[in-house]
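Report on one structure; see the data block that follows.
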Amino acid sequence: MRMVDLIEKKRDGKELNTEEIQYIINGYTDGSIPDYQISALTMAIYFKGMTEKERADLTMAMVESGDQIDLTAIKGVKVDKHSTGGVGDTTTLVLGPLVAAVGVPVAKMSGRGLGHTGGTIDKLEAVPGFHVEIENEEFIRLVNENNLAVIGQSGNLTPADKKLYSLRDVTATVNSIPLIASSIMSKKIAAGADAIVLDVKTGAGAFMKSLDDSKELAQAMVNIGNNVGRKTMAVISDMSQPLGFAIGNALEVKEAIDTLRGEGPKDLTELCLALGSHMVYLANKASSLEEARQKLEEVVNNGSALESFKTFLQSQGGDASVVDDPDTLPKAKYVVELPAKKEGYVSEIVADAVGTAAMWLGAGRATKESQIDLAVGLELRKKMGDFVQQGESLVTIHSNQEDIEKVKEKLYESISISEEKVEAPTLIHGEITN
């Protein structure tokens with residue numbers, strides 16, 4: 001088998017078979033196939049696409065290139081959730097304890113964030129003492145006892161995907177649906193879940209800006225999951241404006257606590273109930289999505305979702321008293337309001353630009369080496385469609401820097417106010433179940 005022949009085959013739009021894809025991924029992982037040949041192949045894939053079978057084969061070849069997490073010792077159907085990213089995306093912090101309270105085991109492997117705010121682990125580390133450095137045996141024990149635990153990503157999970165992603169980043173082949181879908185799904189499958197619920201974002205703050213592209217990506221990932229034996233479904237949700245009100249690590253933990261108490265932002269609450277219903281249903285804990293949602297609403301109303309969060313934090317060394325007193329979370333030195341320059345209706349909040357403003361405060365990482373400030377961030381006081389008076393606060397800025405003029409300018413550029421009434425954007429644009 002020669003790599004040049006396989007490049008030619010894909011260049012001409014022909015289907016690569018299972019053995020050929022395994023040969024490519026194995027060779028690239030062990031270094032016997034050079035970057036320049038893989039670059040040529042990814043460009044051919046960019047233009048010619050891949051069949052469903054090729055996508056499934058590529059995904060599994062990347063899964064098999066490194067470690068795979070064995071969760072068979074955990075009782076029940078293990079359901080994982082993945083979001084394609086966004087601004088103020090606090091869903092994991094809410095969903096974990098929420099579905100765990102209904103009896104769904106959530107064995108979550110999470111990473112640190114690069115971009116607007118921290119990843120799930122960074123956010124959780126805003127809770128004093130919380131840590132994810134636990135052995136696999138302890139991880140499995142905690143999930144069996146509490147239905148929830150979070151561990152850091154394994155160093156050797158899908159090494160082929162890591163190499164391939166770095167190469168795509170510098171060869172203009174990132175925006176290829178087959179390559180994006182197989183990259184995401186390889187990590188989810190290697191992490192050992194039986195079923196996967198995908199939250200595919202669409203809009204200005206999302207990786208996929210258009211609804212058509214978001215639907216195509218969602219369908220591609222659902223097909224891959226189902227083709228390799230994992231029950232998979234997707235919700236396509238709006239990211240034209242930030243989700244919820246909070247953007248920043250400690251601020252998002254507080255918002256997650258509010259949401260588990262039943263007092264969170266409407267959009268965050270609704271999305272968590274939608275995603276959680278699918279998780280409960282796929283875990284066979286409800287016979288319909290309607291029944292699943294009723295169970296989730298019940299554990300919020302009776303307080304057991306909040307108790308689930310406390311137990312989870314405590315079991316991983318965290319100070320669970322923050323749930324009852326969120327004021328003990330890290331706090332910024334300066335809290336500054338951003339007043340509206342005129343009255344009217346908020347017509348646009350450019351999500352990724354607001355995220356950039358939060359990153360400038362220190363809420364996220366510009367590079368892997370950047371240090372995150374867990375206390376800083378933004379709290380939106382208005383969302384799209386809301387009326388605002390001149391001088392009324394649009395955003396509360398939490399900062400440890402005294403000079404935040406650059407951040408204020410960015411926020412003013414990112415938030416538009418119009419005289420005409422504007423409707424709030426649709427939160428959920430569709431669901432893909434097969």
Side-chain angles (χ1 to χ4, degrees), residues 83 85-94 110-133 150 152-153 205 242-259 264-265 268 309 313 316-323 325-338 349-381 393-415:
S83 167
V87 182
D89 190 6
T90 315
T91 50
T92 297
L93 298 185
V94 178
S110 288
R112 299 188 182 279
L114 184 62
H116 309 124
T117 57
T120 299
I121 289 175
D122 297 303
K123 293 169 188 179
L124 286 167
E125 285 179 349
V127 177
F130 185 90
H131 64 91
V132 293
E133 294 78 21
V150 174
Q153 283 177 347
L243 184 66
F245 298 121
I247 306 151
N249 300 278
L251 297 172
E252 289 185 45
V253 172
K254 183 178 185 303
E255 186 164 85
I257 293 166
D258 290 343
T259 306
L268 177 61
F309 193 43
L313 293 177
Q316 292 192 222
D319 180 0
S321 70
V322 300
V323 176
D325 186 10
D327 283 344
T328 58
L329 289 163
K331 278 190 175 156
K333 188 174 178 182
Y334 304 102
V335 179
V336 180
E337 303 299 334
L338 184 81
I349 304 177
V350 183
D352 48 359
V354 172
T356 299
M359 186 176 71
W360 288 349
L361 290 167
R365 291 182 180 87
T367 69
K368 286 180 183 175
E369 291 71 37
S370 302
Q371 288 292 312
I372 278 186
D373 186 337
L374 297 169
V376 304
L378 306 168
E379 280 184 283
L380 299 179
R381 294 301 176 194
S393 179
L394 289 169
V395 183
T396 303
I397 303 167
H398 298 255
S399 176
N400 282 323
Q401 309 162 31
E402 196 166 2
D403 181 8
I404 54 168
E405 287 311 306
K406 183 178 158 189
V407 171
K408 287 181 175 179
E409 282 174 31
K410 187 73 172 174
L411 290 171
Y412 276 128
E413 287 169 15
S414 311
I415 302 171

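Predicted model, so just to flag it, every value in this text is computed and none were measured. For the single chain, residues carry numbers from 1 onward in sequence order.
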Test of understanding: with side-chain hydrogen bond (donor to acceptor under 3.5 Å, both in side chains), list the residues that count as partners of [X], not counting sequence neighbours.
X	answer
Thr259	none
Glu413	none
Thr328	none
Ser110	none

Is any side-chain heavy atom of [Y] closer than 4.5 Å to one of [X]?
X	Y	result
Leu251	Phe245	no
Leu124	Val132	no
Pro128	Val322	yes
Ser399	Val336	no
Val395	Ile415	yes

Name all residues meeting the salt bridge (Lys or Arg N to Asp or Glu O under 4.0 Å) criterion together with Lys333; count only those two or more places apart in sequence or in a different chain, and write none if there are none.
->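 If we apply the salt bridge (Lys or Arg N to Asp or Glu O under 4.0 Å) test to Lys333, skipping adjacent residues, there are no hits.
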What residues, two or more places apart in sequence or in another chain, satisfy salt bridge (Lys or Arg N to Asp or Glu O under 4.0 Å) together with Lys254?
->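 By the salt bridge (Lys or Arg N to Asp or Glu O under 4.0 Å) rule, Lys254 matches Asp258.
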Report the distance from atom [atom1] of [X] to atom [atom2] of [Y], rounding to the nearest 0.5 Å.
X	Y	atom1	atom2	value
Leu411	Ile349	CG	CD1	10.0 Å
Thr90	Ile247	OG1	CD1	9.0 Å
Glu255	Leu93	CD	CG	10.0 Å
Tyr412	Leu394	OH	CG	6.5 Å
Met359	Arg365	CE	CZ	12.0 Å
Leu361	Thr356	CG	OG1	11.0 Å

Extract all donor-acceptor atom pairs below 3.5 Å that involve side chains of residues 372-381 and protein atoms in other chains or at least two apart in sequence.
from	atom 1	to	atom 2	distance (Å)
Asp373	OD1	Ala375	N	3.1
Asp373	OD1	Asn400	ND2	3.4
Asp373	OD2	Asn400	ND2	2.6
Glu379	OE1	His398	NE2	2.7
Arg381	NE	Thr396	OG1	2.7
Arg381	NH2	Thr396	OG1	3.2

Can you name the nearest heavy-atom pair linking [X] to [Y], along with the distance?
X	Y	result
Val253	Ala126	CG2-CB, 4.3 Å
Ala363	Gly248	CB-CA, 4.1 Å
Asp403	Glu405	OD1-N, 3.3 Å

Going by an N to O cut-off under 4.0 Å, is there a salt bridge joining Lys406 and Glu409?
->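 No salt bridge links Lys406 with Glu409.
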Checking Asp319 side chain against Val127 main chain: does a donor-acceptor pair fall under 3.5 Å?
->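 Absent.
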Just jot down the side chain to side chain contact (heavy atoms under 4.5 Å, CB included) partners of Glu402, sequence neighbours excluded, or say none.
-> Tyr334
